[in-house]
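Here's the structure, in structure tokens; my notes come after.
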Amino acid sequence: MTEDAPRIEALLQAMTLEDKLGQLTMIRADFDAAGSTLLAPKLAEITAGHAGSVLDLRGATALIAAQKAAVENSRLKIPLLFTLDVLHGYRTIFPVPLGEAAAFDPDLWERTARAASVEAAADGIALTYAPMLDVARDPRWGRIVESAGEDAFVTARFAEAKVEGFQTDDLSRSDALAATAKHFAGYAAVNAGREYASADFSQRTFEEVYLPPFAASVNAGVAAIMPAFIEMAGVPLTAHRALLTGVLRERLGFDGVLISDFFAVAELIKHGVAADAAEAAALALNAGVDIDMASGTYTDGLPEVLARGLVRIETIDAAVRRVLALKLALGLFDKPYARGEHALAPGTIDAHRALAREAARKSIVLLQNNGVLPLSAQTGRLAVIGPLADAPGEMLGPWRAAGEASEAVSFLEGVKAAFPHAVVFHASGADIAAALEAARSADAVILCIGETANMSGEANSRARPVVPDAQRALAEAVFGAGKPVVAVLTSGRPLIAPWLFEKADAVIAAWFLGSEAGNALGDILGGAVSLSGKLPLSWPLDAGQIPIFYGERPTGRPADPENHDTSKYIDVPNEPLFPFGHGLTYTRFDYGEPRASAETLKPGECLTVEVDITNIGGMAAEEIVYLFIRDPLASVTRPFLELKAFTKIKTLPGERATVRFALTTADFSFPDADAVRRIEPGEIEILTGPSADAALLTRCRVRVVTVD
Ligand code: GLC
């Protein structure tokens, strides 16, 4: 952005304090029955130069009109930045991020972000509040649905793919969106999984878990970052200068824009660290926040604290420079209407629907299957039962942008399309007798239960992340019909339902699969494609195990069933119901022992690890393969397992594939006791396998030696 410096400086010279604060102020659209709009007072604010960006305005006509108010009617003619949460699609809705993470497919992650950008930019949007990079290990927290799961390495790869997909390598393209990495940092660690609660975690957890995805997004060139609503160990992230300026800007070199979360600047008063708007504005600006989202605190408070000497005009100017630089990089000055002035090219939506179907298929995780799946193509009678059977709108999940229920394919529709010769019975389950009748009439039951979209996402923490009790009653009745039952769990989180897993013949984690949910389910039920999705997080057996994740650290008293005084519960096992990486296919795989290209390594050297994987079943299938390391002895405790690579292979029945991973000794580095990342000499275990289930991992060892 430096080549734009002269244009920025010339503008800055022409700006009054009011103009500058306008660029640091984001207003929110008004809403009426028809959707979002900007009423006259807000259009007047824009013309007066009192707003530099807009949240939640949708529809090309409305955005073009608002842009004209800025570009043609305001004094300095600075274009507006239109922003929206485009997390998993704009009009074509893809699986929610937690579901898409289950595909372990960076290429797919990038392609869906690209498609979403094309659709959103065509409606005038220039910035999205995505990817959400909170590493999440607490299914009670509703926003786990927006995450890429429990692992920092996966979330970092997700960050890179999404930033590239949204932004491309040319942010000025009329179909590019500025990406916003959020919510920095550690929001998923809210106390007891309760939304907006405090978080308090160690420097080590910050360095090892919460920071790496944001560092990956900065390295990928992310345009913006959003601090989290919450406070961390006594300091609200919106006012956290050490993290926003010290870590993001000074340590990582982030030179983009920091956008507060919604009303978060004003909420510093409720956090109890600011007496009034002026103090809140000073805290946020001095911490490094450039744009005040929707609270008006910068406009209200900064003039006073500037006069009181609590903030410097240079700080305000630096923030304005970053905002103007982003607008220049987006091409908004030269082509303010490029986003919104052209309709989508013919065939775009069809292509995106096909991508949504592919993404949904790859996101489905088969948790258990006693052989009932895939269903025979000759299946004559099917019952599709449950409140989520014919619920196309629910398939879109939370944060559905411009997604329309009318354009989504329900599970019922998908099953009918996949089994055109079958008689398909449907019962919503509201009338259990009718549902039982449908089950009795069928050869097999597709039981569609789980969460509705409004039970997941922001402000939807659940102390009991279970299948709703009414659905359990329905399921128990359906089990009583004595027919094979395939349970399809729609949810934004792992659900605790041991009773379901005990009785269902197959259970599918369907997350919120998006616009093509029904067709994707139909594709995999009939075996048209084998499943490949795997869990991006641990699936608890009991809510009492939460937070539960594979990357735990050793204890001085490791669990020992023969020794009472060891790390375990007396009422529940330590292990999750299903581990990170669990997911069945319609075939089986045999893993060989990994082979390392060297037995010893000096710091800076590279290593290749090969492992042979054989498809020993009867169907072609894809397999996601993981490589973990274990550092058993170091200057600080190291996790039982650390994921360092994953890949996906396609195999035919009987085929043996050799997977190759490339590592360097940097992959063995970790923050030492002083949070300085280092490589230590010693033995490192290399483990490969289908999941984080230690019993399924094969291993070899390498030794890192010091350089004399
Ligand atoms: C919300 C969310 C944030 C979102 C923003 C704008 O409250 O916390 O993720 O981007 O407000 O909608």
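When a ligand or atom number is given, it counts from 1 through the structure's own listing order. Quick note: numbers below take in every heavy atom, side chains included, and nothing from hydrogens, waters or symmetry partners. On a predicted model such as this, the values are computed, not experimentally measured, just so you know.
Remark: minimum distance from atom 6 (C) of ligand 1 to any protein heavy atom is reached at D85 OD1, 3.2 Å. Residue, atom and distance of the protein heavy atom nearest to atom 1 (C) of ligand 1 are E458 OE1, 3.2 Å.
Taking the centre and axis of the six-membered ring of F153, the NZ or CZ atom of R157 falls inside the cone set by 45° and 6.0 Å. Geometrically, R137 engages F549 in a cation-pi contact defined by less than 6.0 Å to the ring centre and at most 45° from the axis. Cation-pi geometry between K68 and Y337 is satisfied (NZ or CZ under 6.0 Å from the ring centre, within 45° of the ring normal).
Nearest heavy-atom pair across T112 and K162 is OG1-NZ, 2.9 Å.
Ligand 1 has no nitrogen or oxygen under 3.5 angstrom from a nitrogen or oxygen of D56. Considering backbone and side-chain atoms together, Y187 places no N or O closer than 3.5 Å to any N or O of ligand 1.
The shortest heavy-atom distance from H183 to ligand 1 is under 4.0 Å. The closest approach between a heavy atom of R143 and any atom of ligand 1 is below 4.0 Å.
Side-chain contact, N454 with T452: a donor N or O sits under 3.5 Å from an acceptor N or O.
When D261, D134, L55 are checked for heavy-atom proximity to atom 5 (C) of ligand 1, D261 turns out nearest.
Of all atoms in ligand 1, numbered sequentially from 1 with element shown, those under 4.0 Å from a heavy atom of Y129 are 10 (O). Set against the non-hydrogen atoms of K182, the atoms of ligand 1 under 4.0 Å away are 3 (C), 4 (C), 9 (O), 10 (O).
Using a cutoff of 4.0 Å between basic side-chain nitrogens and carboxylate oxygens, D134 and R143 are not scored as salt-bridged.
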